[in-house]
Amino acid sequence: QVQLVESGGGLVQAGGSLRLSCVASGRTFSSYSMAWFRQAPGKEREFVAAITWTGARTYYADSVKGRFTISRDNAKNTVNLQLNSLKREDTAVYYCARSRDGSSYYDTNAYNYWGQGTQVTVSS
C-alpha cells in the first residue's frame, strides 16, 4: 500500500515563501510521475504542478508558473513544492498525488494515490 504524507504548510504573508514536502512509502516511487494539486474552500481540486519519474520534465498551472517549483529526490522518496511570491489566492489545502498510469498530468482522475493534504494560508 502506498502512503503519501505532506508537510510544510502554514500561515504566511503575501509575498512570502513556503516549501511543501511529500514523503512516499513504497519501493516504486521513482517509477511514477508525481504532482501537487490544491483545493480552496468551495472550489474544485485543481492542478498545480507535476514532475515526471526522472525529474526531467515539469509542468505547471499558468497561475503558478514562475512562482512555484516542483522537484523530487528519488533516493529519499520525496517530492517538494517551493512556493514563492505567494498571493492570497494561493490559499488552499495542497495535496500530493502519485500518477496511476501517466495518461495525464493535469487530470485528478489520472492519479490513484493521494496524501491527506497540508493547509497553506496566505494573509494580506
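Worth knowing before you read on, the calculation uses all heavy atoms, side chains too, and leaves out hydrogens, waters and symmetry mates. Positions are given from 1, in the same order as the sequence printed here.
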(request) Please name all residues satisfying ring-ring contact (aromatic ring centres under 6.0 Å, His included) with Tyr94, sequence neighbours left out, ordered by chain then number. (result) none
(request) For Arg98, enumerate each residue passing the side chain to side chain donor-acceptor pair (under 3.5 Å) test, keeping only those at least two apart in sequence or located in another chain. (result) none
(message) I want to check something: taking the side chain as every heavy atom from C-beta on, are Leu4 and Tyr95 in contact at a cut-off of under 4.5 Å?
(response) no
(request) Using ring-ring contact (aromatic ring centres under 6.0 Å, His included) as the criterion, list what pairs up with Phe68, not counting sequence neighbours. (result) none
(message) So, using salt bridge (Lys or Arg N to Asp or Glu O under 4.0 Å) as the criterion, who are the partners of Asp62 when residues are at least two apart?
(response) Lys65
(message) Checking Arg67 now: which residues fulfil salt bridge (Lys or Arg N to Asp or Glu O under 4.0 Å) with it, not counting sequence neighbours?
(response) Asp90
(message) Under the disulfide (SG to SG under 2.5 Å) definition, can you give me all pairs with a residue in residues 76-106, not counting sequence neighbours?
(response) Cys22-Cys96
(message) Under the rule for side chain to side chain donor-acceptor pair (under 3.5 Å), what residues qualify as partners of Ser99, not counting sequence neighbours?
(response) none
(request) Report yes if some heavy atom in the side chain of Arg38 is under 4.5 Å from a heavy atom in the side chain of Ser63; otherwise report no. (result) yes
(request) To the nearest 0.5 angstrom, please state how far the CE atom of Met34 sits from the OH atom of Tyr113. (result) 11.5 Å
(request) Check salt bridge (Lys or Arg N to Asp or Glu O under 4.0 Å) between Lys43 and all other residues, then give those that pass, not counting sequence neighbours. (result) none
(message) Just to verify, what does Gln82 make a side chain to side chain donor-acceptor pair (under 3.5 Å) with, not counting sequence neighbours?
(response) Arg19, Asn84
(request) Return the set of residues passing side chain to side chain donor-acceptor pair (under 3.5 Å) with Thr121 (not counting sequence neighbours), or none when no residue passes. (result) Gln119
(request) Starting from the C-alpha separation in whole Å, work towards a yes-or-no answer on ring-ring contact (aromatic ring centres under 6.0 Å, His included) for Tyr59 and Phe47. (result) CA-CA 10 Å; Tyr59 304 86; Phe47 170 78; 7.9 Å; no
(request) May I ask you to check whether over 12 heavy atoms, not counting those of Glu89, lie within 6.0 Å of atom CD? (result) yes
(message) Under the disulfide (SG to SG under 2.5 Å) definition, can you give me all pairs with a residue in residues 29-73, not counting sequence neighbours?
(response) none
(message) Please give me the minimum heavy-atom distance between Ala40 and Ala92, naming the atom from each residue.
(response) N-CB, 3.8 Å
(message) Within the 4.5 Å heavy-atom criterion, are Phe29 and Val2 side-chain neighbours or not?
(response) no
(request) Mind checking ring-ring contact (aromatic ring centres under 6.0 Å, His included) for Trp53 and listing every partner two or more places apart, or none if nothing turns up? (result) none
(message) Is it true that, when you exclude Gln3 itself, more than 12 heavy atoms of the residues, nucleotides or ligands shown sit nearer than 6.0 Å to its CD?
(response) no
